[in-house]
Amino acid sequence: MMHKNQLQKKMYNLYRRIAVRFKLFSTQNIWTFLKLDTQTGQIWQVQYSVDEDKGRLEYDLNLNTLINGQKRINGRFELYPTQNIYNFDQVDGKMWQV
């Protein structure tokens with residue numbers, strides 16, 4: 001029988017392997033998400049609202065691509081939650097703090 005933690009870890013690893021172009025990550029602010037382009041490393045802050053279009057926004061945090069001429073592949077970049085909010089890691093091990 002698999003323990004709950006083992007199952008959660010397997011599900012997380014499966015989710016990470018799904019190669020999609022864009023991913024949304026929750027933040028400590030319930031109204032705000034981070035949108036990551038997994039090909040280029042670009043990040044946007046996405047805010048939603050329950051009041052129709054008021055308060056909704058998408059603000060660029062990093063419009064510069066981080067791949068410098070490398071091949072664009074889905075899943076190259078990923079965000080990982082840490083004690084200091086988020087770091088993100090590229091395929092070759094480079095790290096940035098968001």
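In this chain, numbering begins with 1 at the start of the sequence shown. All values below were derived from every heavy atom in this structure, side-chain atoms included, with hydrogens, water molecules and symmetry-related copies excluded.
- When the side chains of ILVMFWY residues are joined at heavy-atom separations under 4.5 Å, either directly or via intervening members, Phe22 and Leu63 end up in a single hydrophobic cluster.
- Within the 3.5 Å criterion, the main-chain N or O of Val50 finds no donor-acceptor partner in the side chain of Arg56.
- Put simply, the side chain of Gln39 does not reach to within 4.5 Å of the side chain of Ile73, judged on heavy atoms.
- Residues Thr27 and Thr32 have side chains in contact (heavy-atom distance under 4.5 Å, counting atoms from C-beta outward).
- Proximity of Gln42 to Lys35: side-chain heavy atoms (C-beta onward) are nowhere separated by under 4.5 Å.
- No side-chain heavy atom of Phe33 sits less than 4.5 Å from a side-chain heavy atom of Trp44.
- Among residues two or more places apart in sequence or in another chain, the salt bridge (charged side-chain N to carboxylate O under 4.0 Å, His left out) test is passed with Arg72 by none.
- At distances below 3.5 Å, at least one donor-acceptor pair connects side-chain atoms of Asn29 with backbone N or O atoms of Trp31.
- Between the side chain of Tyr48 and the main chain of Ile30, a donor-acceptor pair closer than 3.5 Å is present.
- Thr38 places no side-chain N or O within 3.5 Å of a backbone atom of Phe77 that could act as its donor or acceptor partner.
- Considering every non-hydrogen atom in both Val46 and Glu58, the closest pair reads CG2-CG, 4.1 Å.
- Of all heavy-atom pairs between Leu34 and Leu61, the closest is CD2-CD1, 3.7 Å.
- Put simply, CG on Asn64 and CD1 on Ile67 are 12.0 Å apart, with the number rounded to the nearest 0.5 Å.
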